[in-house]
J.: 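Submitted below is the structure of interest, expressed as structure tokens.
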Amino acid sequence: MLSQQNCEPCKSGVPALSPTEIQPLIAELGSDWQVVKNHHLYRKFNFKNFVDALVFTNKIGAIAEDQHHHPNIALTWGEVEVKIYTHKINGLQKADFVLAAKISNLI
């Protein structure tokens with residue numbers, strides 16, 4: 001299971017995952033996450049209010065720090081949008097899917 005793994009740091013020069021390599025990983029995450037342009041993962045989470053969205057955002061931050069892998073997070077009233085990719089290679093690696101699975105487990 002992806003959520004039971006840890007994010008492995010990416011080394012410079014490692015190629016981003018191909019669409020073929022992405023398929024089994026996104027299948028494990030489920031349909032809530034989207035692969036956008038084979039570049040990043042995206043998901044929007046909806047909440048009843050700002051406070052719940054903020055609490056969730058802070059939980060994501062704690063996981064990101066623990067895993068040393070940091071997503072882009074947009075927080076607005078009742079919504080948290082998460083975009084994940086490996087900045088070092090400007091694309092997707094397995095660690096991105098691991099982080100997404102850990103975030104999904106927060107719900």
Side-chain angles (χ1 to χ4, degrees):
M1 280 186 94
L2 288 169
S3 64
Q4 301 303 314
Q5 298 177 36
N6 288 309
C7 295
E8 296 290 327
C10 179
K11 296 179 174 108
S12 294
V14 172
L17 296 176
S18 70
T20 303
E21 294 169 314
I22 288 171
Q23 282 306 319
L25 296 169
I26 194 65
E28 187 173 337
L29 280 183
S31 62
D32 292 329
W33 286 94
Q34 300 170 1
V35 175
V36 179
K37 298 180 182 177
N38 290 320
H39 174 265
H40 62 272
L41 298 173
Y42 172 83
R43 183 172 174 185
K44 184 188 326 183
F45 297 86
N46 294 301
F47 297 90
K48 292 185 264 181
N49 55 52
F50 182 81
V51 173
D52 290 346
L54 178 59
V55 167
F56 182 72
T57 299
N58 287 327
K59 288 179 181 179
I60 293 173
I63 289 172
E65 279 296 296
D66 180 64
Q67 294 295 308
H68 306 289
H69 193 41
H70 302 90
N72 296 355
I73 305 169
L75 167 66
T76 58
W77 193 97
E79 288 183 357
V80 176
E81 292 181 274
V82 180
K83 180 178 172 181
I84 304 172
Y85 66 100
T86 300
H87 294 85
K88 189 178 278 186
I89 62 165
N90 195 29
L92 289 169
Q93 279 294 308
K94 185 175 180 183
D96 302 310
F97 293 87
V98 170
L99 182 60
K102 289 180 180 295
I103 292 170
S104 290
N105 280 350
L106 294 172
I107 298 295

J.: Could you tell me the separation between the CD1 atom of Ile107 and the CZ atom of Phe56, rounded to the nearest 0.5 Å?
T.: 4.0 Å
J.: Using the rule given for side chain to side chain contact (heavy atoms under 4.5 Å, CB included), can you reason through Ile73 versus Val80, listing the C-alpha separation, both sets of side-chain angles and the distance that settles it, and then say yes or no?
T.: CA-CA 7 Å; Ile73 305 169; Val80 176; 3.8 Å; yes
J.: Take His69 and Ile84 through the test side chain to side chain contact (heavy atoms under 4.5 Å, CB included) and record every step on the way to the result.
T.: CA-CA 9 Å; His69 193 41; Ile84 304 172; 4.1 Å; yes
J.: Which heavy-atom pair separates Pro19 from Asn38 by the least distance, and what is that distance?
T.: CG-ND2, 3.3 Å
J.: Going by the rule side-chain contact (heavy atoms from CB on, under 4.5 Å), which residues pair with Lys83 if we only count those two or more places apart in sequence or in a different chain?
T.: His40, Asn72, Tyr85
J.: Rounded to the nearest 0.5 Å, what separation is found between the CG atom of Leu99 and the NE2 atom of His68?
T.: 12.5 Å
J.: Could you give the distance from NZ (Lys44) to OG1 (Thr76), rounded to the nearest 0.5 Å?
T.: 8.0 Å
J.: Determine whether a donor-acceptor pair (N or O, by modelled atom type, separation under 3.5 Å) exists between the side chain of Glu21 and the backbone of Ser18.
T.: yes
J.: Is a side-chain N or O of Asp96 found less than 3.5 angstrom from the main chain of Gln93, in a donor-acceptor match?
T.: yes
J.: Could you grab the distance from atom NZ of Lys94 to atom OG1 of Thr86, nearest 0.5 Å is fine?
T.: 13.0 Å
J.: Over 60° means perpendicular and under 30° means parallel, so classify the ring planes of Trp33 and Phe45, tilted if in between.
T.: perpendicular
J.: Which pair of heavy atoms, one from Leu41 and one from Ala100, lies closest together, and at what distance?
T.: CD1-CB, 3.9 Å
